[in-house]
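Inspection log for the structure reproduced underneath, given as structure tokens.
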Amino acid sequence: MTSPARTTAKAAVRTAGVSFGTYVVLIAQALLARRRIGTTTDRPPSGNGVYGHELDGDPIRCLLLGDSTMVGYGMKTVDHTPSALVGIGLSHVLGVPVQIHNESLVGARSSDLQSQIDAAVGLKPQLTIILVGANDITHQVPAKRSARRLGAAVRRLRAMGSEVIVGSVPDFGTIKPLPVPLRTVCRYWSRHLARRQTVAAVEAGARVVSLSDVLEPLLLLKGDALFGDDRFHPSAHGYATVANFLVDAAVTQWRSSAVRPLEAEPIEQMTLEDAAEWAVEHGGTQVAPAPRGRRWAAVLRWRR
């Protein structure tokens with residue numbers, strides 16, 4: 001009769017073999033996906049400047065930070081970049097000029113946020129919008145470390161007097177060049193990081209808008225039209241969709257910051273962990289600090 005110890009040992013060896021085999025498959029698929037997606041040296045035109053300059057009032061100083069998604073990777077005209085989309089949207093809704101200053105960089109990770117803030121200290125931003133996290137996933141940065149760096153950036157910006165909006169990392173499960181099982185694993189990684197980002201950013205004083213699956217329902221209608229030529233970064237339509245969620249969250253935060261708590265409308269509150277879990281499953285949800293305490297969050301659900 002085979003001893004229990006030997007049976008356990010054999011099972012462990014088989015499990016290790018399966019795990020190693022799966023890891024090899026994932027690495028191979030990741031390299032293939034990177035080759036399919038490719039890179040380009042093209043950069044979109046700068047969208048920095050004042051939008052709504054014909055409107056009355058001093059411009060709101062708005063800083064944009066993050067990675068290629070905030071840069072507008074793949075866009076050929078200014079009007080299709082996040083800088084222009086956010087500037088036009090904010091100035092139109094708020095009815096005042098908006099000065100956009102974009103310090104985001106292609107390939108940036110959460111560890112690059114501090115240097116981006118350093119480059120914009122002279123701006124004295126009143127409003128900051130951050131999109132970061134995708135490159136942390138592709139470079140296998142632990143989610144806890146990535147979220148901690150994001151939280152540190154938010155705290156610094158809040159100390160500078162800026163309202164802060166964070167768009168959580170999107171769901172990688174919608175990226176077609178990623179084959180199964182890599183796409184399944186990346187979906188888990190991205191949603192795990194989005195939860196961590198939400199908790200860390202809200203604790204630091206930011207409003208977070210979930211971008212987890214905001215493009216997925218539209219994919220049924222628009223298909224590949226929401227993705228660019230590399231099928232990884234958004235198309236012009238995709239950038240516009242993401243920008244709409246960011247502008248909505250920024251307007252909500254800007255207006256709420258000018259309203260005393262007693263005058264504010266009643267808000268739904270959850271524990272911060274529950275709010276983060278809800279947001280990652282329901283794209284468009286906004287999560288913000290709640291008056292009730294540090295481990296609580298105010299939740300604004302997006303109604304489709």
Side-chain angles (χ1 to χ4, degrees), residues 51-52 57-66 70 82-83 85-102 104 113 117 120 123-132 150-151 153-169 194 197-212 214 241-270 272 275-276 278-279 282-294 296-303:
Y51 294 84
D58 295 328
I60 296 173
R61 299 183 299 277
C62 180
L63 175 63
L64 306 183
L65 304 177
M70 187 62 91
S83 295
L85 293 167
V86 170
I88 293 170
L90 284 177
S91 62
H92 176 74
V93 177
L94 293 176
V96 294
V98 174
Q99 178 185 353
I100 294 292
H101 185 85
N102 195 334
S104 55
L113 290 175
I117 296 172
L123 178 68
K124 297 181 179 179
Q126 298 166 283
L127 179 64
T128 303
I129 305 176
I130 302 174
L131 283 181
V132 76
L150 173 61
V154 171
R155 280 190 293 274
R156 182 180 176 189
L157 290 162
R158 294 291 293 139
M160 294 165 60
S162 178
E163 300 295 333
V164 183
I165 304 299
V166 173
S168 64
V169 66
Q197 286 182 322
T198 301
V199 172
V202 171
E203 282 188 333
R207 177 180 294 268
V208 177
V209 57
S210 171
L211 300 179
S212 64
V214 296
T241 301
V242 171
N244 283 340
F245 285 97
L246 297 175
V247 168
D248 182 60
V251 168
T252 301
Q253 183 61 31
W254 186 259
R255 287 175 172 170
S256 66
S257 67
V259 177
R260 294 197 303 271
L262 292 178
E263 296 175 346
E265 295 181 359
I267 54 176
E268 180 179 2
Q269 297 189 39
M270 299 182 187
L272 185 48
W278 174 270
H282 300 84
T285 299
Q286 295 179 28
V287 184
R292 189 170 177 177
R294 178 174 173 269
W296 288 84
V299 178
L300 181 60
R301 307 187 191 216
W302 179 54
R303 292 172 174 76

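Just so it is clear, the structure is predicted and the values come from calculations on it, not from any experiment. If you read the sequence from its start, that first residue is 1, and numbering goes on from there.
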Reported CD-to-CG distance for the pair Gln126 and Leu63, which is rounded to 0.5 angstrom: 11.5 Å
For Ala279 against Val287, the heavy-atom pair lying closest together: CB-CG2, 3.9 Å
Donor-acceptor contact present, side-chain Ser162 to main-chain Thr128, <3.5 Å: yes
Intermediate values then yes/no, side chain to side chain contact (heavy atoms under 4.5 Å, CB included), Tyr51 and Leu90: CA-CA 9 Å; Tyr51 294 84; Leu90 284 177; over 6 Å; no
Rounded distance (nearest 0.5 Å) linking atom SG of Cys62 with atom CD1 of Ile129: 4.0 Å
Heavy-atom closest contact (Leu127 atom, Ala250 atom, distance): CD2-CB, 4.1 Å
Min side-chain heavy-atom separation Val132-Met70 under 4.5 Å: no
Side chain His282, main chain Trp278, donor-acceptor under 3.5 Å: yes
Distance (rounded to the nearest 0.5 Å) between Leu123 CG and Ile117 CD1: 12.0 Å
Closest approach of Val166 to Ala201 (non-hydrogen atoms, all atoms of both residues): CG2-CB, 4.1 Å
Counterpart residues, salt bridge (Lys or Arg N to Asp or Glu O under 4.0 Å), relative to Arg155 (two or more places apart): none
Minimum side-chain heavy-atom gap Arg255-Val93 below 4.5 Å: yes
Heavy-atom pair of closest approach, residues Leu211 and Ser168: N-OG, 3.3 Å
Arg61 versus Lys124, closest heavy-atom pair with distance: NE-O, 2.8 Å
Heavy-atom side-chain contact between Leu157 and Leu65 under 4.5 Å: yes
Min side-chain heavy-atom separation Val209-Thr252 under 4.5 Å: no
Compile the donor-acceptor pairs under 3.5 Å between side chains in residues 242-249 and protein atoms, sequence neighbours left out, one pair per line.
unit_1 : atom_1 : unit_2 : atom_2 : d
Asn244 : ND2    : Ala240 : O      : 3.4
Asp248 : OD2    : Gln286 : NE2    : 2.9

Side chains of Val202 and Pro289 in contact at under 4.5 Å (non-hydrogen atoms): yes
Between CH2 on residue Trp254 and CG on residue Leu94, distance to nearest 0.5 Å: 8.0 Å
Min side-chain heavy-atom separation Gln197-Val208 under 4.5 Å: no
Distance (rounded to the nearest 0.5 Å) between Ser210 OG and Trp302 CH2: 10.5 Å
Smallest separation among heavy atoms of Gly66 and Leu113, with atom names: N-CD2, 4.3 Å
Pairwise distance CG(Leu64) to NE2(His101) - rounded to 0.5 angstrom: 9.5 Å
